[in-house]
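To start, the structure itself, in structure tokens.
In what follows, every chain begins at residue 1, and chains take the letters A, B, ... in the order their sequences are listed.
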2 protein chains.
Amino acid sequence: MVVALADRSGREPREPKYYVVKRHLLDIIGTLPPGTLVPTERLLMVQLGTSRTTVRQALGELVGEGRLVRRQGSGTYVAEPKVHWPLRMTSFTEQAHATGHAASTELIDAGREKATDEIAARLDVRVDALVHRIERLRLVDDVPMAVETSHLSAQRFPGLAKLLRRGDSLYRVLREEYGVVPVTAEETIETASASPREAELLGTETGAPMLVLSRHSFAADGSPVEWVQSWYRGDRYRFVTRLTTD
Amino acid sequence: MVVALADRSGREPREPKYYVVKRHLLDIIGTLPPGTLVPTERLLMVQLGTSRTTVRQALGELVGEGRLVRRQGSGTYVAEPKVHWPLRMTSFTEQAHATGHAASTELIDAGREKATDEIAARLDVRVDALVHRIERLRLVDDVPMAVETSHLSAQRFPGLAKLLRRGDSLYRVLREEYGVVPVTAEETIETASASPREAELLGTETGAPMLVLSRHSFAADGSPVEWVQSWYRGDRYRFVTRLTTD
DNA sequence: CTCCAAAATTGGACTAGACAATTTCGGATG
DNA sequence: CATCCGAAATTGTCTAGTCCAATTTTGGAG
């Protein structure tokens with residue numbers, strides 16, 4: 001490993017004006033409990049000698065970071081801290097129960113569509129082959145938490161959509177109806193921004209920062225079973241995992 | 001588990017004007033290879049009958065998602081795909097070598113400071129007790145990848161800063177000089193936005209979306225050893241883990 | 001042809017303001 | 001006292017523009 005003292009002493013990063021506003025707001029927020037009202041945009045604009053656009057840029061960033069909440073017609077408030085959401089435990093429902101919360105799932109849409117290049121590659125089917133597309137909303141204590149979109153081969157799992165509409169869990173249907181159990185998976189985590197649709201389902205704003213967890217799961221014989229993307233609000237959730245070296 | 005058909009048929013989400021611009025840009029981007037120039041802001045403004053502010057909002061979101069790259073004075077270009085970065089393997093250096101890249105680390109700053117409430121709680125020291133603060137820049141093939149800020153108890157690890165300045169790896173110093181080996185850790189992953197400092201170190205813009213990985217590690221006796229936060233550019237990196245159910 | 005300085009182009013930051021959507025609150029009314 | 005309604009307050013969206021900074025292009029001098 002190469003280690004060297006960094007010579008980054010050149011020019012210090014120049015600070016945009018909106019960032020001065022942001023630091024001022026962080027000072028204000030620091031001591032206040034969640035739910036406290038912060039000054040209005042027009043007041044901040046006058047107090048800090050700037051335009052409303054600049055104030056809104058600072059506010060918008062803090063909202064995206066989960067430090068503030070804006071309510072049209074009402075005001076801007078100090079936000080609740082982010083919720084820690086454990087990864088890699090057994091199932092969504094058990095995770096919630098383990099922490100004393102009620103989990104539920106709403107089936108938003110279940111149908112079939114033609115596989116795009118990416119879906120076809122992930123599910124090992126031909127391009128334009130029919131695949132199931134299952135969209136569900138995960139809720140904890142009746143608050144929307146994540147939008148999940150699953151893709152599975154329609155040829156391998158015929159009639160899946162109908163079974164799911166009866167209200168069964170996806171993994172139980174896979175096991176009991178098709179004898180398929182995913183045993184390995186590759187998960188990726190990345191940032192994204194909310195589309196109008198996701199924003200509405202999750203009660204946030206279009207463009208809001210999101211955490212996207214994608215899981216690509218495989219059966220014991222190595223065949224791909226499911227490809228699912230779960231969209232979480234980045235301002236509200238923080239993923240937690242426990243590591244051990246052994 | 002409660003499952004119900006969702007009745008979210010009310011009003012469809014209304015689409016902001018900037019989102020029309022964004023979708024238009026996504027159409028353009030879709031077929032083009034990385035490095036391709038996209039239309040200028042002023043041209044898009046005229047073509048789409050909107051203001052430059054609105055065009056820039058759409059462009060800015062796509063830049064944050066890693067789909068576009070803007071270069072002042074030059075133009076806006078289709079970006080390279082995100083880099084997959086494996087989590088939870090052994091060490092930073094080995095991860096890079098395993099994929100055929102050269103890893104290096106620059107020591108930006110190493111000194112001592114008084115523990116804030118949060119640091120004190122995490123390191124199990126008194127508030128205002130001295131703690132080491134070590135800031136390093138991780139590079140892959142000489143491209144900055146992440147800014148890491150570590151905190152360790154100064155009382156437990158006397159003289160650590162001097163040892164690190166000699167160029168040793170942190171974990172080797174802990175093991176060989178102090179006989180301490182972290183065996184468990186709790187990791188959290190969340191979104192954030194870049195400060196001017198992080199933006200400059202990583203070559204991105206202030207406010208750009210980031211992925212922040214925090215690791216709180218413990219020795220075999222359960223005592224906290226280190227608390228480290230690693231800031232990655234969210235437009236460039238995507239974390240990957242492999243799961244097995246057994 | 002080469003080189004250099006000026007001009008043009010392009011993105012970056014910020015301002016001022018108009019109007020819409022929503023919430024809040026107080027006054028009129030029953 | 002309760003209810004309804006409208007004005008005021010507040011955030012949401014979008015426009016039109018200015019000025020600046022960085023880069024690229026152009027064109028003239030040599």
Q) More than 12 foreign heavy atoms under 6.0 Å from CZ of A/Arg238: is that the case here? A) yes

Q. Between C/dG11, D/dC14, C/dT15, which nucleotide gets closest to the side-chain atoms of A/Thr50?
A. C/dT15

Q: Ignoring the backbone of A/Lys17, work out which of C/dC14, D/dC14, C/dG11 is nearest its side chain.
A: C/dC14

Please report, to 0.1 Å, the donor-acceptor pairs under 3.5 Å made by any side chain of residues 111-119 of chain B, with sequence neighbours excluded.
from: B/Glu113; atom 1: OE2; to: B/His151; atom 2: NE2; distance (Å): 3.1
from: B/Thr116; atom 1: OG1; to: B/Ile119; atom 2: N; distance (Å): 3.3
from: B/Glu118; atom 1: OE2; to: B/Arg122; atom 2: NE; distance (Å): 3.4

Q | Sidechain N-carboxylate O distance under 4.0 Å for B/Arg197, B/Glu135 | A | yes

**Q.** NZ/NE/NH1/NH2 to OD/OE distance under 4.0 Å, B/Glu106 and B/Arg138
**A.** no

Tell me: [atom1] of [X] to [atom2] of [N], nearest whole Å?
{"X": "B/Tyr18", "N": "D/dG12", "atom1": "OH", "atom2": "P", "value": "13 Å"}
{"X": "A/Glu15", "N": "C/dG12", "atom1": "CD", "atom2": "P", "value": "19 Å"}
{"X": "B/Glu61", "N": "D/dT13", "atom1": "CD", "atom2": "P", "value": "11 Å"}
{"X": "A/Met45", "N": "D/dT10", "atom1": "CE", "atom2": "P", "value": "12 Å"}
{"X": "B/Glu41", "N": "C/dG12", "atom1": "CD", "atom2": "P", "value": "6 Å"}
{"X": "A/Leu43", "N": "D/dA8", "atom1": "CG", "atom2": "C1'", "value": "16 Å"}
{"X": "B/Tyr19", "N": "D/dC14", "atom1": "OH", "atom2": "C1'", "value": "18 Å"}
{"X": "B/Leu44", "N": "D/dA16", "atom1": "CG", "atom2": "P", "value": "16 Å"}

Q: Measure from NZ or CZ of B/Arg70 to the centre of the six-membered ring of B/Tyr77 and say whether it is under 6.0 Å with the direction within 45° of the ring axis.
A: no

Q: For C/dT15, take OP1 and OP2 only and decide whether either is under 4.0 Å from a side-chain N or O of A/Thr54.
A: yes

Q: Report yes if at least one side-chain N or O of B/Arg70 is closer than 4.0 Å to OP1 or OP2 of C/dT10; otherwise report no.
A: no

Q) With a 4.5 Å limit on heavy-atom distance, are the side chains of B/Asp235 and B/Glu65 in contact? A) no

(Q) Any non-hydrogen side-chain atom of A/Thr188 less than 4.5 Å from a side-chain atom of A/Val212? (A) no

Q: Sugar-phosphate means primed atoms, P, OP1 and OP2; the rest is base. With that split, encode nucleotides 17-25 of chain C 5' to 3' as B, S or - using protein heavy atoms under 4.0 Å.
A: -B--BBBS-

